[in-house]
Amino acid sequence: MSRLEEPAHMPDPMLGAQDLRLMRAIADSGSITGAALALGYSQPAVSQHIKRLESRTGLPLIERVGRRARLTEAGRVLARHAPAVATALEAAQEDLAQLRGGGRGQVRLAGFPSASASLLPRLLADLGRSEPGLQVLYVEAEPPEAVDAVREGRADVALTFSFPGDRDDPHGRSARGLSMRAIGQEELLLVLPADHPSAARERVDIADLSEESWIGGCPRCRGHLLELCGRAGFVPRIAFETDNFVAVEGLVAQGIGVATLPRIALDATARREGVVIRPLPAGERRTLHLVTARGADRLPSVRAVTTTLERLIRQVIDPVAAR
């Protein structure tokens with residue numbers, strides 16, 4: 001069993017990466033025993049380390065709630081800094097690996113479903129040519145879960161989105177302490193059956209679709225649909241719900257309902273017969289974001305992924321400007 005080693009004398013209030021990792025592990029597991037298992041230490045060693053750390057900082061770091069351990073405000077402060085410190089250590093390791101002629105490392109990317117189909121294959125192909133030593137691991141996740149994955153150290157980069165007027169913005173409190181930047185605005189489009197009475201129009205008034213059945217997508221997309229129709233004076237009758245944008249097009253083609261989809265989703269597949277695409281008002285766009293731990297752009301591997309991803313997204317959402 002590994003042991004937590006600590007110098008006989010530690011000047012107050014010096015902190016180490018091990019201290020922050022321990023606070024993060026307690027926050028994630030909710031117990032000292034769980035943190036010990038996660039880190040490979042004995043439970044008594046973790047308890048002793050916490051006592052010494054509280055003595056050095058002069059602040060209580062955990063409090064007991066039944067059989068669980070909960071971080072105090074001071075403990076949460078330390079836990080929040082853990083991802084940034086881990087990123088800095090990884091950056092140092094990558095820099096040394098490059099000096100030794102080693103590879104470019106590994107990046108864990110989380111992204112929303114339509115990005116999986118449209119952007120991920122291009123990203124991997126481009127990086128395979130430009131960064132042959134870089135490995136990208138990918139997990140599909142909606143924005144709130146993707147942000148959580150970065151915060152908890154399960155992902156290095158999250159590609160997310162938000163809609164205008166989001167009531168539950170994943171980039172508010174949940175992203176506090178992380179680095180987030182907007183990288184573009186993606187057009188939202190109306191998807192209609194080819195034989196729909198409004199299909200012949202270049203511009204469709206949403207109010208004219210108040211009696212239609214609608215196909216709703218992910219919770220965030222449904223929230224925007226409700227906002228969009230609410231501004232037009234009606235509540236949409238959502239007859240079907242699916243996160244599968246290919247299925248959405250199929251349902252529309254069969255006349256089951258109408259829908260809205262982002263350009264990235266429509267770009268992912270060949271246009272299906274029986275479907276027409278019409279623009280929504282100019283303001284109906286969603287913002288795309290890249291979320292990382294603070295300082296993650298110091299990692300050459302993370303920088304390679306985010307730079308390539310940003311370029312590919314510009315090509316999809318604004319192909320004329322990207323030329």
Side-chain angles (χ1 to χ4, degrees), residues 1-94 108 110 141 143-158 160 168-181 289-299 302:
M1 179 71 70
S2 302
R3 296 180 57 226
L4 286 169
E5 298 293 340
E6 189 141 6
H9 175 68
M10 179 73 74
D12 188 354
M14 185 179 290
L15 296 170
Q18 195 175 50
D19 301 324
L20 305 186
R21 281 197 296 266
L22 178 56
M23 291 296 102
R24 182 73 257 173
I26 294 173
D28 291 340
S29 66
S31 70
I32 292 175
T33 301
L37 288 172
L39 297 174
Y41 302 138
S42 68
Q43 190 272 337
V46 169
S47 297
Q48 288 300 315
H49 188 93
I50 293 169
K51 289 180 181 178
R52 290 192 294 266
L53 184 55
E54 288 180 327
S55 177
R56 295 207 316 269
T57 60
L59 292 166
L61 299 176
I62 65 167
E63 56 186 358
R64 298 284 186 178
V65 182
R67 295 185 177 182
R68 299 181 67 80
R70 184 169 65 191
L71 295 183
T72 63
E73 182 178 0
R76 292 194 297 272
V77 166
L78 295 184
R80 280 202 301 270
H81 287 282
V85 170
T87 296
L89 292 173
E90 289 173 12
Q93 291 169 350
E94 281 202 14
R108 298 161 299 169
E145 291 75 27
V147 172
D148 286 345
V150 173
R151 176 175 299 285
E152 295 167 5
R154 294 181 285 108
D156 303 300
V157 181
T160 67
D168 180 26
D169 189 349
H171 312 102
R173 288 188 62 183
S174 65
R176 186 176 298 167
L178 302 177
S179 174
M180 182 193 70
R181 73 176 189 273
H289 310 267
L290 284 176
V291 182
T292 65
R294 285 183 178 172
D297 57 351
R298 292 177 52 194
L299 284 163
V302 170

Atom pair [atom1]/[atom2] of [X] and [Y] - distance to nearest 0.5 Å:
X: R76; Y: M23; atom1: CZ; atom2: CE; result: 12.5 Å
X: I32; Y: H49; atom1: CD1; atom2: NE2; result: 12.0 Å
X: L290; Y: L178; atom1: CG; atom2: CG; result: 12.5 Å
X: E145; Y: T160; atom1: CD; atom2: OG1; result: 11.5 Å
X: Y41; Y: Q18; atom1: OH; atom2: CD; result: 4.0 Å
X: I50; Y: I26; atom1: CD1; atom2: CD1; result: 3.5 Å

Can you find a heavy atom in the side chain of [X] that is under 4.5 Å from one in the side chain of [Y]?
X: T72; Y: L59; answer: no
X: V46; Y: L39; answer: no
X: T57; Y: D19; answer: no
X: V302; Y: V157; answer: yes

By side-chain hydrogen bond (donor to acceptor under 3.5 Å, both in side chains), which residues pair with E152, not counting sequence neighbours?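 In terms of side-chain hydrogen bond (donor to acceptor under 3.5 Å, both in side chains), with neighbours along the sequence ignored, E152 is linked to R154.
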
Discussion item. Test of understanding: with side-chain hydrogen bond (donor to acceptor under 3.5 Å, both in side chains), list the residues that count as partners of R70, not counting sequence neighbours.
Written reply: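 E63.
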
How close do [X] and [Y] get, heavy atom to heavy atom, and via which atoms?
X: A74; Y: P60; answer: CB-O, 3.8 Å
X: A155; Y: A110; answer: CB-CB, 4.3 Å
X: A141; Y: A146; answer: CB-N, 3.9 Å

Residue pairs, two or more places apart or on separate chains, that pass side chain to side chain donor-acceptor pair (under 3.5 Å) and touch residues 22-38 =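 Sorted result for residues 22-38: R24-D28.
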
Going through the distances and angles, do T292 and L299 end up as a side-chain contact (heavy atoms from CB on, under 4.5 Å)? CA-CA 11 Å; T292 65; L299 284 163; over 6 Å; no

Q.
Show me the pairs that pass salt bridge (charged side-chain N to carboxylate O under 4.0 Å, His left out) and involve residues 32-43, at least two apart or across chains.
A.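 Passing the test, one end in residues 32-43: no pairs.
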
Only pairs at least two apart or in different chains count here, so list each salt bridge (charged side-chain N to carboxylate O under 4.0 Å, His left out) that has a residue in residues 35-47.
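Sorted result for residues 35-47: empty, none.
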
- Query: Under the side-chain contact (heavy atoms from CB on, under 4.5 Å) test, which residues partner R108, sequence neighbours left out?
  - Reply: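 For R108, the residues satisfying side-chain contact (heavy atoms from CB on, under 4.5 Å) (neighbours in sequence not counted) are Q106, L137, D156.
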
Treating S55 as the side-chain partner and K51 as the backbone partner, does any N or O pair qualify as donor plus acceptor under 3.5 Å?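 Checked: no pair found.
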
*Working for side-chain contact (heavy atoms from CB on, under 4.5 Å), residues I62 and E54*: CA-CA 9 Å; I62 65 167; E54 288 180 327; 4.3 Å; yes

